[in-house]
2 protein chains.
Amino acid sequence: MDNETITIYDVAREAGVSMATVSRVVNGNQNVKETTRRKVLDVIERLDYRPNAVARGLASKKTTTVGVVIPDIANSYFASLARGIDDIATMYKYNIVIANSDGDDNKEINVVNTLLAKQVDGLVFLGHDLSDKIRAEFSRTRTPIVLAGAVDHENQIPSVNIDYNKATKEATLVLGKHSQKIALISGPMVNAINGKERLVGYQAALKELNQTFSEGLVFETNYSFNDGVKLAERVKISGATAAIVSDDEVAVGLLNGLVDRGVKIPEEFEIITANDSVITEFTRPTLSSIEQPLYDLGAVSMRLLTKMMHKEEVSEKSIILPHGIVMRGSTK
Amino acid sequence: MDNETITIYDVAREAGVSMATVSRVVNGNQNVKETTRRKVLDVIERLDYRPNAVARGLASKKTTTVGVVIPDIANSYFASLARGIDDIATMYKYNIVIANSDGDDNKEINVVNTLLAKQVDGLVFLGHDLSDKIRAEFSRTRTPIVLAGAVDHENQIPSVNIDYNKATKEATLVLGKHSQKIALISGPMVNAINGKERLVGYQAALKELNQTFSEGLVFETNYSFNDGVKLAERVKISGATAAIVSDDEVAVGLLNGLVDRGVKIPEEFEIITANDSVITEFTRPTLSSIEQPLYDLGAVSMRLLTKMMHKEEVSEKSIILPHGIVMRGSTK
DNA sequence: TTGTAGGCGTTATCAT
DNA sequence: ATGATAACGCCTACAA
């Protein structure tokens, strides 16, 4: 009663050739006479035949699909990376299956496993420092994996990053020109996005500034606008007069929270945020930021992954993209 | 030389049972003696066996994967919907393959086809009024499809929306209290997100306000922050003293562009935007908005899709979620 | 409760 | 240039 799924056999029969031939024209194999090619193409059109990618995947052991593990697709930073990834993936005829990990170690392992079960040809892993468990998981699969905006401290897995340590240090030094008390607003410390690098850079800068490191100036958040807003009061009380923030949404919240409390920015309080996503221009004053090529981080990592999937030689496994500091309204 | 891919046969041999039995325990079939189940589970663990989802998909004709066609994942409005979709999908054990369409008719058709070729169990289509071509494509597939934040004027395809017409009318009426010239900032007119509904609602409100509709007060954009910024000058020149905007990023740009030009908001110019995404709170003043349950739009549509995929009866095919108007800083 | 065997829709290897 | 015919890894009646 329903339209049966039509297969390569149907096309073959209808066109009076073997399925092998149909397969050849579908796959652009040159060894087909032009006339039969036409004939087959016609039938394909007429029958509205659409090759079954699953069967194809089973037979060829390639799915033309890559998995993307992402902490939160609704976060503009990750969304930008995702966009870069998808564009390049599309360019190379890959599709993307996205799985939110919420930055949770266990969920990460979970989604990585289901992604691998789905036989993705490759994996892009976003956002977190690698936990030992996940690294173990990665090490026993042949599936190519690339980290984007995430560092592997063992330096085993190919990755695309900026130098978070250096960038954070530079940003902190900028704030140090006018501030004696600089706060560090990070993600959840146990598992922050490049948290260690950032902390190290921050501390190195403090040392150079002859400022003492104080736990009381380090604040943890869960990467959300509201976290930033809520933090404003605590930060104000801490006596800090500047902050380096690890996530743009948090920074926007903090800035607005501070402004709403009558704090003058940048006169009384300076902020530099970390990701230079579009939202840094949404506020007044606008947010100064570590400048990083978000889209490119995604795009380059996907490009790297395609090379690995195609078994091309990759000279550089740990790609560091250039960064900078954009001075906008939240710094003097 | 490498770790061979290990299959259900390996497990069967190693456990001294048939592959059917292994399949049973993997799929949680109850007809397995507890002791053999244990035995099999042990071997699975020991061999680190991971069922091949592709083979499974071919044999069972189910991929536990749903396709999501999205205009731009980097847009916070769509990203919110996507998050809702993914959460519910995960809850029901589905994965999501995302494809950006850029709101382009041809790309849409393209990605829909590759998604269908991949045998997704269902499809969520975001963002646009349906073109005839895409509707034709949809009508000749058995794959369940749900529209989220997109209306089908033929009312054939299940969808989850708010009443854009009514919401736009209400918002326009609010602006009409203080303004004689209300601009409508839409997406690309040919293919705007629910563009027709919004235009109709806008015009209905004008009529009720005894204001005349003028082409000069309708502005098209491409849904980006920068479009909004650029538009500020033109809108100002047009003499409008209020605007209803179809996209939050555009609204943010417009607001900032206006503020930067010395326009006082809301005193001299009022704005109501359309999507109530987080970024409406990023600006100062904050943006008043049509209020809509973004996450729920995604979540509900995915829930509806699961029902369809499981062949459950669905009573209501066109779900309208409630909306409201949030008055924030950009209105008097 | 467990095993056997026939698909699922392609690709890919050999022949012809 | 074209056609048989095995895989590919699993599910699922059907038997036992």
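Proteins come first, then strands; the chains are lettered A, B, ... in the order of their sequence lines, and each starts at number 1.
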*asked:* Please identify the 5'-most and 3'-most nucleotides of DNA chain C with any atom under 4.0 angstrom from a heavy atom of chain B.
replied: C:dT1 to C:dG9
*Identify whether the distance between the nearest side-chain nitrogen and carboxylate oxygen of B:Arg13 and B:Asp10 falls below 4.0 Å.*
yes
*Can you label the angle between the B:Phe138 ring and the B:Phe125 ring as parallel, tilted or perpendicular, going by 30° and 60°?*
perpendicular
*Nucleic acid contacts - residues 28-35 of chain A versus DNA chain D, non-hydrogen atoms under 4.0 Å*: A:Asn31, A:Val32, A:Lys33
_With no hydrogens and no angle check, just 3.5 Å: does a side-chain donor-acceptor pair link A:Thr65 and A:Lys118?_
no
*Looking at B:Asp132 and B:Arg135, does any basic side-chain N land under 4.0 Å from a carboxylate oxygen?*
yes
*Applying ring pair (Phe, Tyr, Trp, His ring centres under 6.0 Å), name anything that partners B:Tyr94, two or more places apart in sequence or on another chain.*
none
*Are the charged groups of A:Lys307 and A:Glu313 less than 4.0 angstrom apart, N to O?*
no
*Would you mind building the protein contact string for nucleotides 9-14 of chain D? One character per nucleotide, 5' to 3', B for base within reach (heavy atoms under 4.0 Å), S for sugar-phosphate only, - for untouched.*
BBBB--
*Carboxylate-amine/guanidinium proximity below 4.0 Å for B:Lys133 and B:Glu108*: no
*State whether B:Arg83 and B:Asp87 are salt-bridged, where the test is any N-O pair (Lys NZ or Arg NE/NH1/NH2 against Asp/Glu carboxylate O) under 4.0 Å.*
yes
*Who passes salt bridge (charged side-chain N to carboxylate O under 4.0 Å, His left out) against A:Arg38, sequence neighbours left out?*
A:Glu34
_Residues B:Lys62, B:Asp121: salt bridge by 4.0 Å N-O rule_ = no
*Bend angle of the helix from C:dT1-D:dA16 to C:dT16-D:dA1 from five-pair axes at both ends, rounded to 10°?*
30°
*asked:* I want to check something: taking the side chain as every heavy atom from C-beta on, are A:Gln156 and A:Lys317 in contact at a cut-off of under 4.5 Å?
replied: no
*Is there a donor-acceptor pair closer than 3.5 Å between any side-chain N or O of B:Asn29 and the backbone N or O of B:Val25?*
no
